[in-house]
Amino acid sequence: MRGGAAANGKLQKTRKKACDILFSNSDKVWRNGSAVRRTVPSRENYTHQWLWDSATCAMGLIHVDPQRAYDEVYSVLSGQWKNGFLPHIIFDPKSTGYFPGPKVWKTEKYSPKGVLTSGITQPPLVGFSLWYLYQNAPNKKGVIEFLKSVLPQVKKYHDFLKTYRDSEDSGLLTIVHPWEGGCDNSPLWDSPLTQIELDDVLDRLKKLVDSKRSDLKIGNHNHRPQSADYHRYIYLVDLFKKTAWNQEKMVKISPFAVKDVLFNSIWCMSNEALANCFRMLNQPKEAKKYEGLAKQTRKALMGLWSKKEKLFLDVDVSHGRNKPILENTIGTFAPLLAKAVTLDQLPSLITRLTDPTQYWTDSPAPTTAVNSPKFDKERYWRGPTWPITNFFLIYGLQNYIKYP
Ligand code: DGY
């Protein structure tokens with residue numbers, strides 16, 4: 001009993017701390033003549049609005065202040081381009097320290113009038129967050145009104161992704177930049193990034209990166225990506241900018257093109273979430289369409305299982321390649337979210353998760369297996385624990401194991 005009370009007290013304290021951070025990182029900004037409330041990931045380097053971070057914040061906020069959760073989604077959708085694209089960053093014009101800022105992306109011809117954005121996307125978590133908000137909202141009438149107002153935009157984003165990132169109709173979307181994968185600095189991107197020869201990165205770009213990197217001015221350098229990685233990140237941004245942010249061209253010419261397990265598991269889960277929303281709103285035709293997309297992706301994800309490695313593997317598909325990426329990262333558990341793990345595969349994933357030499361550490365599951373040669377307990381996404389990926393683990397496992 002006493003242990004239970006102590007654990008509960010600790011939980012309440014953590015919850016309060018999380019709320020304090022969420023509230024202190026959120027404020028109102030002007031976008032195209034209207035005030036929107038949004039949360040920034042940090043008050044240091046990440047001082048703008050990020051797509052999947054905001055979808056996550058909304059899921060936290062629904063438990064304490066539903067209106068704030070809805071505002072988070074409204075504000076993230078205010079960055080939507082005409083073609084349905086949702087950018088990974090919406091910039092706050094008043095905050096000028098972050099690199100690469102709007103001048104590097106130069107998307108103002110394509111983004112909504114008066115809204116400055118990046119030109120790449122991030123894991124499509126926003127669809128899932130809508131269903132999560134519905135399930136956890138205390139006032140169902142209020143959340144239904146909210147859903148009706150945002151669903152057309154989220155649906156447009158899904159239609160955009162399907163059209164441009166899966167033009168071959170494989171069920172798996174392609175990401176064209178490591179930042180699109182969300183796990184920015186994961187070992188998963190090491191091999192595909194080598195397709196970009198450092199000698200091909202113009203000196204002008206290298207100098208720009210080296211003189212402007214804002215992340216290195218703030219934190220510990222050992223936590224951040226290496227210089228060669230940043231040169232390649234900005235090489236890709238420059239390449240896409242030269243296509244005038246034309247999605248077809250971007251996917252075709254990008255030396256970095258990956259079918260990522262985590263991104264696609266979220267895609268599957270979000271399509272299922274949209275189907276649930278439409279079903280609840282009595283729109284069976286729409287529900288069927290997104291259920292169909294979820295099914296297609298689930299099947300395709302199953303094909304990413306390597307019997308030999310007992311891992312779900314990303315695939316490098318740049319310039320017609322079809323090369324599995326052999327890395328052991330937290331992403332291998334993501335198909336649990338998509339219900340794409342068979343009952344035969346489940347025990348080996350659980351064994352991996354509960355192995356102290358891999359993921360069962362003193363902290364919640366790390367982002368890269370401890371016994372991977374790429375594990376680095378300080379450098380982000382190469383080891384350090386991340387709350388959202390642990391949420392995915394717990395949520396995904398609930399699809400298979402019913403907790404008492
Ligand atoms: C960064 O780390 O600055 C990227 O924008 C990641 O999203």
Side-chain angles (χ1 to χ4, degrees), residues 41-42 44-48 50 87-89 91 96-107 116-122 174-247 249-258 260 263 314 316-319 321 323 325 327 329 367-368 373-376 378-384:
S42 90
E44 290 184 312
N45 190 40
Y46 294 102
T47 55
H48 304 281
W50 264 260
H88 97 299
I89 310 175
F91 293 105
T96 53
Y98 171 81
F99 177 85
K103 282 195 190 131
V104 179
W105 297 93
K106 279 202 187 317
T107 60
L116 297 171
T117 76
S118 69
I120 55 171
T121 194
Q122 253 183 344
T174 302
I175 58 167
V176 293
H177 194 291
W179 291 345
E180 287 204 318
C183 311
D184 302 343
N185 189 29
S186 169
L188 287 170
W189 321 134
D190 291 356
S191 150
L193 276 176
T194 59
Q195 302 302 327
I196 305 167
E197 292 289 346
L198 279 175
D199 285 349
D200 291 344
V201 183
L202 297 173
D203 280 345
R204 166 184 71 79
L205 284 183
K206 286 184 182 155
K207 278 191 192 137
L208 179 79
V209 172
D210 297 342
S211 61
K212 297 274 191 233
R213 266 185 79 175
S214 50
D215 59 324
L216 295 185
K217 294 185 186 137
I218 293 155
N220 180 335
H221 291 202
N222 294 337
H223 297 179
R224 301 296 308 168
Q226 314 271 9
S227 165
D229 295 321
Y230 251 85
H231 289 165
R232 289 175 164 121
Y233 298 158
I234 302 305
Y235 171 88
L236 288 170
V237 172
D238 197 57
L239 187 73
F240 302 151
K241 188 164 59 183
K242 286 184 189 139
T243 71
W245 299 105
N246 176 309
Q247 291 290 325
K249 284 192 192 152
M250 282 164 61
V251 175
K252 197 162 166 214
I253 66 168
S254 181
F256 181 98
V258 173
D260 174 50
F263 193 96
D314 277 23
D316 179 345
V317 292
S318 60
H319 301 313
R321 260 180 218 95
K323 187 177 164 223
I325 301 170
E327 297 289 355
T329 73
T367 39
T368 297
K374 303 274 181 74
F375 176 81
D376 179 337
E378 294 203 311
R379 216 174 284 279
Y380 90 152
W381 292 109
R382 302 179 87 87

Salt bridge (charged side-chain N to carboxylate O under 4.0 Å, His left out) filter on D316, not counting sequence neighbours, yields none
Salt bridge (charged side-chain N to carboxylate O under 4.0 Å, His left out) filter on K374, not counting sequence neighbours, yields D190, E327
Can you confirm whether [X] sits close enough to [Y] that some side-chain heavy atom of one is under 4.5 Å from a side-chain heavy atom of the other?
X: H231; Y: D210; result: yes
X: K242; Y: L239; result: no
X: L236; Y: P255; result: yes
X: H319; Y: Q195; result: no
X: D184; Y: P225; result: no
X: V201; Y: Y230; result: no

Do the side chains of K241 and D238 get close enough for a salt bridge, i.e. N-O under 4.0 angstrom? yes
Drop me the distance from [X]'s [atom1] to [Y]'s [atom2], to the nearest 0.5 angstrom.
X: T117; Y: I120; atom1: OG1; atom2: CD1; result: 10.5 Å
X: H221; Y: L216; atom1: NE2; atom2: CG; result: 4.5 Å
X: T329; Y: D314; atom1: OG1; atom2: CG; result: 7.0 Å
X: Y46; Y: S214; atom1: OH; atom2: OG; result: 8.0 Å
X: Q122; Y: C183; atom1: CD; atom2: SG; result: 10.0 Å
X: N185; Y: Y233; atom1: CG; atom2: OH; result: 4.5 Å

Counting N and O atoms only, with roles assigned by atom type, does the side chain of [X] sit under 3.5 Å from a partner on the main chain of [Y], one being a donor and the other an acceptor?
X: W245; Y: W105; value: yes
X: T243; Y: F240; value: yes
X: H223; Y: Y380; value: no
X: T367; Y: G383; value: yes
X: T107; Y: G119; value: no

inquiry  = Could you check whether atom NZ of K217 has more than 12 heavy atoms from other residues, nucleotides or ligands sitting under 6.0 Å from it?
reply    = yes
Kindly give the heavy-atom pair with the smallest separation between [X] and [Y], and that separation in Å.
X: K212; Y: F99; answer: O-CB, 3.2 Å
X: I175; Y: E180; answer: CA-OE1, 3.4 Å
X: S118; Y: H88; answer: OG-ND1, 2.8 Å
X: S254; Y: S318; answer: O-CB, 3.8 Å
X: E378; Y: N222; answer: OE1-CB, 3.5 Å

T194 meets the side chain to side chain contact (heavy atoms under 4.5 Å, CB included) criterion, sequence neighbours left out, with none
Sorted by chain and residue number, the ring pair (Phe, Tyr, Trp, His ring centres under 6.0 Å) partners of F256 (sequence neighbours excluded) come out as W189
Taken in chain and number order and not counting sequence neighbours, the residues that satisfy ring pair (Phe, Tyr, Trp, His ring centres under 6.0 Å) with Y98 are H48, W50
Here the salt bridge (Lys or Arg N to Asp or Glu O under 4.0 Å) pairs for residues 221-234, sequence neighbours left out, are D215-R224
